[in-house]
Amino acid sequence: MFTHLHTHTEFSLLDGMSKMAPLMDRTKALGMDAIAMTDHGALYGVIDFYREATARGIKPIIGVEAYVAQGSRHSRERGDTHPYHLVMLARNMEGYKNLIALVTRANLEGYYYKPRVDRELLQEYSAGITILSGCPSAEFHRRIQEGDREGAIDVAKWYREVFDGHYYLEVQDHGDEKFTRLNPVIADIGRELGIPVVATNDGHYTHPNESEAHDTLLCIGTNATVDQKDRYKFDGTGYYLKSEEEMLALFPERPDFITNTQLVAAECDLDLKFDRQLLPAPPIPADRTSDDYLAEICTKGLHRRFPEVTEELSDRLAYELDVLKQSGFTDYMYVVKEISDHAHEKGIRMGVRGSAAASLVLYT
């Protein structure tokens with residue numbers, strides 16, 4: 001069974017065109033039981049992708065096609081406008097959190113035309129992530145294009161070591177001879193280093209008949225017209241969600257490139273829950289629950305705030321604490337308290353907001 005491991009959705013802004021529901025409908029119709037999302041430098045579509053996939057019994061593989069700076073992410077030189085591409089897939093919750101950290105820091109620290117990570121960040125956040133060597137814009141592939149086979153091998157060895165062996169070489173066939181002729185070189189390096197090779201299809205739209213519309217989308221993104229010469233266009237064809245049979249036909253002599261995608265799909269098993277709030281664990285003593293400790297803090301504050309603690313005040317506080325407990329908002333109050341404590345400590349003026357602004361819990 002073939003699994004698509006390199007797929008862009010509409011959240012690859014002005015580059016991908018696949019909407020989530022139709023994308024998953026086609027995946028289901030093709031009989032596939034898993035698919036990866038690898039949008040350019042972003043994770044905007046994760047929740048929609050995950051929900052649409054699981055609703056159809058399809059395993060969602062969460063990933064990103066990251067931009068990797070050729071040097072430091074902090075560099076802002078002319079040559080830094082062409083970062084490498086790299087496919088990163090989360091195997092588990094730790095990997096998903098690391099993807100979030102990488103995308104965040106890429107935008108906050110490495111943004112220069114594109115949100116970029118660098119090797120320093122990749123080493124720091126490598127746990128739980130599987131790497132594919134990438135498309136023709138990847139560092140590994142560019143080295144081969146330049147005739148630097150040893151340089152490509154060095155790149156592969158670095159990623160294999162940093163990501164603890166969770167590294168695969170990627171081959172594509174979109175009909176462009178200048179790239180497809182290099183696939184045997186990639187396969188040969190994979191055999192030499194003992195690294196599995198996987199076939200991917202750089203999916204940017206869902207159905208074959210959407211290629212013209214996608215070309216128009218690229219024109220919008222690059223401020224060009226469709227009849228303009230020398231504008232940015234995709235090399236080759238077939239950037240839609242292909243069937244397993246179509247992928248096998250591209251690599252008739254190497255069916256292992258197709259079946260190897262199952263190795264990646266099998267090791268990716270991310271379970272996201274949407275039935276509870278995801279809040280940081282509150283700083284409470286080891287022998288207390290968050291509900292009991294909040295009640296203790298508020299009771300002390302009640303005696304500090306009021307010269308006389310009446311039955312009415314005690315009843316109101318008990319009622320509010322019970323509402324927080326029943327609604328699951330107790331831990332959220334610790335977040336508010338931390339912000340408030342910091343503001344008071346630093347002499348920062350602060351206001352109040354939200355439905356609990358006038359609550360006795362917050363006042364105490």
Side-chain angles (χ1 to χ4, degrees), residues 1-9 12 15-18 23 26-27 30-32 34-40 61 63 65 84-87 89 130-149 152 155-156 167-193 195-212 214-215 218 232-265:
M1 175 64 68
F2 173 74
T3 298
H4 278 283
L5 300 174
H6 193 136
T7 312
H8 296 276
T9 75
S12 284
D15 180 80
M17 203 174 73
S18 292
L23 177 66
R26 178 164 173 80
T27 303
L30 291 174
M32 297 177 179
I35 184 174
M37 179 196 78
T38 56
D39 284 321
H40 281 300
I61 302 172
E65 186 170 15
Y84 301 124
H85 292 197
L86 185 70
V87 174
L89 307 172
T130 290
I131 298 294
L132 308 187
S133 63
C135 66
S137 294
E139 182 179 9
F140 172 78
H141 210 292
R142 285 194 197 176
R143 293 278 184 265
I144 295 176
Q145 294 170 39
E146 296 163 357
D148 184 9
R149 188 177 187 278
V155 170
Y167 179 69
Y168 296 80
L169 300 184
E170 185 174 352
V171 293
Q172 299 179 352
D173 188 346
H174 291 287
D176 191 326
E177 176 60 22
K178 68 176 179 289
F179 296 134
T180 56
R181 65 182 178 83
L182 301 177
N183 285 342
V185 180
I186 297 174
D188 185 58
I189 292 175
R191 182 169 52 252
E192 179 180 331
L193 300 181
I195 299 175
V197 178
V198 295
T200 69
N201 200 67
D202 197 357
H204 282 74
Y205 44 94
T206 305
H207 300 281
N209 61 0
E210 296 172 336
S211 60
E212 185 176 346
H214 178 260
D215 191 49
L218 292 181
Y232 175 69
K233 296 185 69 173
F234 273 23
D235 297 310
T237 59
Y239 295 89
Y240 61 93
L241 202 73
K242 291 181 177 177
S243 67
E244 180 177 344
E245 292 71 25
E246 288 175 296
M247 293 303 298
L248 281 166
L250 291 175
F251 304 95
E253 298 179 358
R254 296 303 303 265
D256 55 307
F257 292 175
I258 307 304
T259 56
N260 282 346
T261 62
Q262 281 295 94
L263 300 176
V264 181

*Which pair of non-hydrogen atoms, one from Lys242 and one from Arg26, has the smallest distance, and what is that distance?*
CA-NH2, 4.5 Å

*Heavy atoms, side chains only, cut-off 4.5 Å: are Ser12 and Glu65 in contact?*
no

*Should Tyr168 and Asn260 be marked as a side-chain contact (heavy atoms from CB on, under 4.5 Å) after you check the CA-CA gap, both sets of side-chain angles, and the distance that decides it?*
CA-CA 9 Å; Tyr168 296 80; Asn260 282 346; 5.6 Å; no

*Quick one: pull up NE2 in His141 and CG in Leu169 and give me the separation to the nearest 0.5 Å.*
10.5 Å

*asked:* If we ignore hydrogens and angles and just use 3.5 Å, is the side chain of Asp202 paired with the main-chain N or O of Tyr239 as donor and acceptor?
replied: no

*Looking only at heavy atoms, what is the nearest atom pair of Ser133 and Leu86, with distance?*
O-CD1, 4.2 Å

*Please report the closest heavy-atom contact between Ala36 and Leu89, naming both atoms and the distance.*
CB-CD2, 4.1 Å

*Are Leu23 and Thr7 close enough, and set up right, to give a side-chain contact (heavy atoms from CB on, under 4.5 Å), and what steps lead you there?*
CA-CA 10 Å; Leu23 177 66; Thr7 312; 4.2 Å; yes

*Which heavy-atom pair separates Thr206 from Ser18 by the least distance, and what is that distance?*
OG1-OG, 2.8 Å

_Pair Asp173, Thr180: side-chain N/O donor-acceptor within cut-off below 3.5 Å_ = no

*Looking only at heavy atoms, what is the nearest atom pair of Phe2 and Met247, with distance?*
CE2-CG, 3.6 Å

*Enter the distance from Tyr167:OH to Thr130:OG1 here, rounded to the nearest 0.5 Å.*
12.5 Å

*Is it the case that more than 12 heavy atoms not belonging to Glu146 sit under 6.0 Å from its CD atom?*
yes

*Decide side-chain contact (heavy atoms from CB on, under 4.5 Å) for Lys233 and Asp215; before the verdict, give the C-alpha distance in whole Å, the side-chain angles of both, and the deciding distance to 0.1 Å.*
CA-CA 7 Å; Lys233 296 185 69 173; Asp215 191 49; 4.0 Å; yes

*Taking all atoms of both residues into account, what is the closest heavy-atom pair of Tyr205 and Gly238, and its distance?*
OH-N, 4.2 Å

_side-chain contact (heavy atoms from CB on, under 4.5 Å) partner of Ile61, chosen from Thr3, Ile35, Thr38_ = Thr3

*Judged by atom type as modelled, is there a donor-acceptor pair below 3.5 Å linking the side chain of His6 to the main-chain atoms of Met37?*
no

Sequence neighbours excluded and cut-off under 3.5 Å, please list the side-chain donor-acceptor pairs for residues 181-190, or say none.
| unit_1 | atom_1 | unit_2 | atom_2 | d |
| --- | --- | --- | --- | --- |
| Asn183 | ND2 | Gln172 | O | 2.9 |
| Asp188 | OD1 | Arg191 | NH2 | 2.7 |
| Asp188 | OD2 | Arg149 | NH2 | 2.6 |

*Taking the side chain from Asn201 and the backbone from Leu241, do they hold a donor-acceptor pair closer than 3.5 Å?*
no

*asked:* Determine whether the aromatic ring centres of residues Phe234 and His174 are separated by less than 6.0 angstrom.
replied: no

*Go through the steps for Tyr240 and Glu210 under the test side-chain contact (heavy atoms from CB on, under 4.5 Å), then give the verdict.*
CA-CA 8 Å; Tyr240 61 93; Glu210 296 172 336; over 6 Å; no

*So His204 and His40, would you call those rings parallel, tilted or perpendicular, with 30° and 60° as cut-offs?*
tilted

*If you measure from CD1 on Ile258 to CG on Leu250, what distance do you get to the nearest 0.5 Å?*
7.5 Å

*asked:* Under the salt bridge (charged side-chain N to carboxylate O under 4.0 Å, His left out) definition, can you give me all pairs with a residue in residues 131-140, not counting sequence neighbours?
replied: Arg119-Glu139, Glu139-Arg143

